[in-house]
Amino acid sequence: MTSIFGVPVDVVYRLVSGFTGVLTPVLGGAAAVAAIIALTVAVRAIVMPLSFRAMRGQAVQARLAPQLQALRTRYAKEPERLQREMTALYKQEGTSMFAGLTPILLQWPLLSVVYLLFRSPRVAGKPNTLLSHDLLGVPLGMHWLSGAGPASLQGLVFVGVLALLAGLCWLSARLGRLMTPAQATMAPAVGAPGKAGRSGKASAPGKASAPGKASAPGKGGGSGRSADVAGAIPPGASGALVRVLPYLTVVIAAFAPLAAAVYLVTSTAWSLAERGLFWRTRGRANRSAATG
């Protein structure tokens, strides 16, 4: 590969190839697919602390959304004052406007290396032998729209993988929509009169706590890491865009080799599980704080 990721891709390629060789006596032709899934799970487990940090940042953004909107309304004609007030609010909460985005960006290099491995026909100037293996008779290096065509038996394998990925994206988007109102309902606790009065950030109560501004449908949808990207969209983004964005992962998979599609399915499933675990953990913590 002739890219900045060439060396790390080569290193990961050797690891996955070696693991495939170890699994072959046990799993036969499914060894390469199992190795792809195992590598994806291992990488996502490594970056899990960053994923949870990103979700905590997104939760804070959702919680502060009503107050931020009130500030934008109050200081619409004073951009410098608005910036100072927003900075003060973030500082008061011990966070920043980039809290939900920075951890995602930090994950990007490692996840990019794994994705490039599964879509590159050559690694270190040699054929990528991982792509010569198959899933249900379909070479892992094959594209959905190539070969015998999308309507063939091989094409049906792609359809099954893409359908599974679309289902995971739908579940992730639905979970995101459920999470956002739940996070936004915490806003009154943050915007309590005592705190707001000291910082001068909570003018008109109706503006600071209007539920429509905190939890408009579709603002939390997203899967993952692509799933994960949707979660980083700012509160003012278009609801229609947020609903469509998770499914861009399916479009990417449709034009990628089957190996990359398997990776995207595994990564999206992991991301969905992470979000569900975070939501349940956050919910238990909130209930404990409320009853305590």
Nearest 0.5 Å please: distance from the [atom1] atom of [X] over to the [atom2] atom of [Y].
X	Y	atom1	atom2	result
M142	S132	CE	OG	12.5 Å
H133	N128	NE2	CG	9.0 Å
L89	M97	CG	CE	10.0 Å
Q58	R56	CD	CZ	11.0 Å
Y247	L165	OH	CG	10.5 Å
F118	T40	CZ	OG1	5.0 Å

- [ ] State, to 0.1 Å, how close L175 and G276 come at their nearest heavy-atom pair, and which atoms those are.
- [x]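 Here L175 and G276 meet closest at CD2-N, 3.4 Å.
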Task: Residue pair L131 / P121: nearest heavy atoms and the distance that separates them - done: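 In terms of heavy atoms, the two residues are closest at CD1-CA, 4.0 Å.
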Open item on the list: Does M55 form a side-chain contact (heavy atoms from CB on, under 4.5 Å) with W279? I'd like the steps, not just the answer.
Closed with: CA-CA 9 Å; M55 285 184 280; W279 190 31; over 6 Å; no
Task: Co-members of the apolar cluster containing F19 [side chain, <4.5 Å] - done: L23, V26, L27
Task: same_hphob_cluster(L272, M48) at 4.5 Å side-chain heavy-atom cutoff - done: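 The answer is yes; both residues are in one hydrophobic cluster.
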Task: Verdict with reasoning, V262 to V265, per side-chain contact (heavy atoms from CB on, under 4.5 Å) - done: CA-CA 5 Å; V262 172; V265 167; 5.8 Å; no
Task: Contacts of type side chain to side chain donor-acceptor pair (under 3.5 Å), residue R53, not counting sequence neighbours - done: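 Per chain and number, R53 pairs via side chain to side chain donor-acceptor pair (under 3.5 Å) with no residue.
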TODO: Output all residues satisfying side chain to side chain donor-acceptor pair (under 3.5 Å) with W108, sequence neighbours left out; order by chain, then residue number.
DONE: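 Listed in chain order: S112.
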Please table the atom pairs, donor to acceptor, closer than 3.5 Å between any side-chain atom in residues 8-15 and protein atoms at least two apart or in another chain.
residue, atom, partner, partner atom, Å
Y13, OH, T129, N, 3.2
Y13, OH, T129, OG1, 2.8

Task: Within residues 99-108 or reaching into it, pairs that qualify as salt bridge (charged side-chain N to carboxylate O under 4.0 Å, His left out) - sequence neighbours excluded - done: none
Open item on the list: Taking salt bridge (charged side-chain N to carboxylate O under 4.0 Å, His left out) as the cut-off, I'd like each qualifying pair that reaches into residues 135-145, sequence neighbours left out, listed once.
Closed with: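 Listed by first then second residue: nothing to list.
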So do the side chains of [X] and [Y] get within less than 4.5 Å of each other, counting heavy atoms only?
X	Y	answer
Q61	Y90	yes
V114	L39	yes
L140	L130	no
R275	S51	no
F255	W144	no
V113	L117	no

Just by distance, do the side chain of [X] and the backbone of [Y] share a donor-acceptor pair under 3.5 Å?
X	Y	answer
S172	L168	no
T20	V16	yes
S120	L116	yes

TODO: Taking only Lys NZ, Arg NE, NH1 and NH2, and the carboxylate oxygens of Asp or Glu, determine whether E93 and R63 approach each other closer than 4.0 Å.
DONE: yes
Open item on the list: Going by side-chain contact (heavy atoms from CB on, under 4.5 Å), Q107 matches just one of L105, L110, L111. Which one?
Closed with: L111
